[in-house]
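Step one of this worksheet: look at the structure below.
The figures here come from the full heavy-atom set of this structure, side chains too, leaving out hydrogens, waters and symmetry mates.
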Amino acid sequence: MSQLINHGVPDEVIQDVKRDIAEFFKLPLEAKKEHAKPPDGLEGYGQVFVFSDTQKLDWSDMLYLMLRPVESREMRFWPVQPPSFRSSVDRYSSEAAKVVSCLLRFMAEDMGVEPERLLEMFGGQPQTMKVTYYPPCRQASDVLGLSPHTDACAMTLLLHVNDVQGLQIRRDDGRWLAVEPLDGALIVSVGDIIEILSNGKYKSVEHRAVVHPDKERISAAMFHQPRYSITVEPLPELVKKDGAGARYKSVGYAEFMRHFFSAKLDGRKSHLDHFRID
Ligand SMILES: O=C(O)CCC(=O)C(=O)O
Ligand SMILES: [Fe+2]
């Protein structure tokens, strides 16, 4: 654990990115719309992904950006106000990527597999950021900020941009547990890809966001993905060691993501079930 703290994101980097993200959402709508998400795109400022005309919309606005590899950045979607936004996000992105490498190394050691083997799957450290702004809602109990889901990526680092509680995780007994924000802390959650690679040793956590009756809430989720060309499957050396066989089917990452988006259309909570071998 001490190693993790040594490799943590410096507090000043966290405070800068929190300040600049909060400032961006305070801008007039017209200024935010300069970075608007095109109707058929994923990146930019707009509403949470709309998959169908009949979908019930979540109570939120968002800003979605590709951060890494650095060549994937589409700067027209990156806010120019406040002026330090871009440099704050850039620093936070590289510090977060370092934390993720460190965590992947620990996980590999914990599973008894070669760390380099796992890290190689994350070459270029693909990383995207989804900042979500949840306005207050008088009928807070009638809406959801974000519907229940597991993250399809490998690992998410979530930052509470302001200190308003809203994130809930589903416990094994089915009850929802509120996660309290801690200033300067990052919430690490395992996504579907790590669940599969680890043959179920690490589980992706189901979570959702509720909204507050009179306070706005802002969170920034950094999703970390593997390289596009990998095969998503339980690590063969781990399966051999376990002796119990693979618990998930093998699938190319591109196909895995295609399936993820089509499951969203169906309104399914976890598309992971499709890949489980019972
Ligand atoms: O706002 C939150 O706390 C959760 C965000 C989240 O789960 C997501 O964007 O996938
Ligand atoms: Fe999530």
Side-chain angles (χ1 to χ4, degrees), residues 17-18 21-22 24-25 32 36-37 41-67 96 127-171 174-182 185-195 203-225 257 260-273:
V17 81
K18 283 170 65 158
I21 289 174
F24 171 73
F25 280 96
K32 288 184 282 204
K37 181 173 80 66
L42 286 179
E43 274 189 276
Y45 169 77
Q47 248 79 51
V48 182
F49 313 118
V50 178
F51 293 95
S52 81
D53 291 347
T54 54
Q55 171 186 344
K56 191 171 156 191
L57 289 180
D58 291 324
W59 191 262
S60 56
D61 283 347
M62 67 157 198
L63 174 69
Y64 189 71
L65 298 174
M66 315 267 226
L67 304 185
Q127 180 193 57
T128 57
M129 179 173 80
K130 182 173 148 222
V131 183
T132 317
Y133 173 89
Y134 305 94
C137 176
R138 288 271 186 80
Q139 278 92 33
S141 55
D142 292 344
V143 299
L144 271 181
L146 188 59
S147 310
H149 65 283
T150 58
D151 292 343
C153 63
M155 196 188 291
T156 307
L157 297 190
L158 186 93
L159 176 67
H160 277 103
V161 174
N162 60 8
D163 62 2
V164 179
Q165 203 285 316
L167 175 66
Q168 299 183 334
I169 56 171
R170 185 157 350 229
R171 302 195 323 183
R175 281 190 297 169
W176 289 102
L177 176 77
V179 179
E180 291 299 330
L182 273 180
L186 295 175
I187 297 163
V188 178
S189 46
V190 165
D192 297 341
I193 300 279
I194 290 283
E195 174 164 339
K203 293 270 189 284
S204 67
V205 62
E206 188 178 338
H207 54 283
R208 67 180 188 180
V210 296
V211 295
H212 197 278
D214 45 46
K215 286 188 200 158
E216 63 186 21
R217 173 171 182 265
I218 309 177
S219 71
M222 298 281 248
F223 302 121
H224 297 85
Q225 288 103 348
M257 288 315 290
F260 167 72
F261 285 114
S262 65
K264 278 241 167 191
L265 260 175
D266 293 351
R268 262 179 281 154
K269 270 183 226 152
S270 174
H271 78 130
L272 195 56
D273 292 340

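Residues satisfying the side-chain hydrogen bond (donor to acceptor under 3.5 Å, both in side chains) criterion with Q168, sequence neighbours excluded, are R208. Considering only residues two or more places apart in sequence or on other chains, R138 meets the side-chain contact (heavy atoms from CB on, under 4.5 Å) condition with none of them. Every residue two or more places apart in sequence or in another chain that forms a side-chain contact (heavy atoms from CB on, under 4.5 Å) with N162 is listed here: V164, E216, R217, I218. Residues meeting the salt bridge (Lys or Arg N to Asp or Glu O under 4.0 Å) test with D273, sequence neighbours left out: R276. In this structure F223 satisfies the ring pair (Phe, Tyr, Trp, His ring centres under 6.0 Å) test with no other residue, sequence neighbours excluded. Here Y45 pairs with D61 under the side-chain hydrogen bond (donor to acceptor under 3.5 Å, both in side chains) rule; sequence neighbours left out.
Contact of the E206 side chain with the W176 side chain is registered, since non-hydrogen atoms from C-beta on lie closer than 4.5 Å. Using a 4.5 Å heavy-atom cutoff, the side chains of H224 and I193 are not in contact. Put simply, the side chain of L272 reaches to within 4.5 Å of the side chain of E195, judged on heavy atoms.
Test T132, V211, L144 against S60 for side-chain contact (heavy atoms from CB on, under 4.5 Å) and you get one pass: T132. With K130 as the partner, the side-chain contact (heavy atoms from CB on, under 4.5 Å) test is satisfied by one option alone out of L146, D151, T156: L146.
Put simply, the side chain of Q165 gets close to the backbone of V179: a donor and an acceptor are under 3.5 Å apart. Remark: the backbone N or O of G174 is paired with a side-chain donor or acceptor of R170 at under 3.5 angstrom. Without hydrogens or angle criteria, E43 side chain to L65 main chain gives no donor-acceptor distance under 3.5 Å.
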Which is it for Y64 and T128 under the side chain to side chain donor-acceptor pair (under 3.5 Å) test, yes or no, and what are the steps along the way?
CA-CA 7 Å; Y64 189 71; T128 57; 3.2 Å; yes
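We find the OG-OH distance between S219 and Y133 to be 12.5 Å, quoted to the nearest 0.5 Å.
Environment of CE in M66: sparse, with no more than 12 heavy atoms of neighbouring residues, nucleotides or ligands closer than 6.0 Å.
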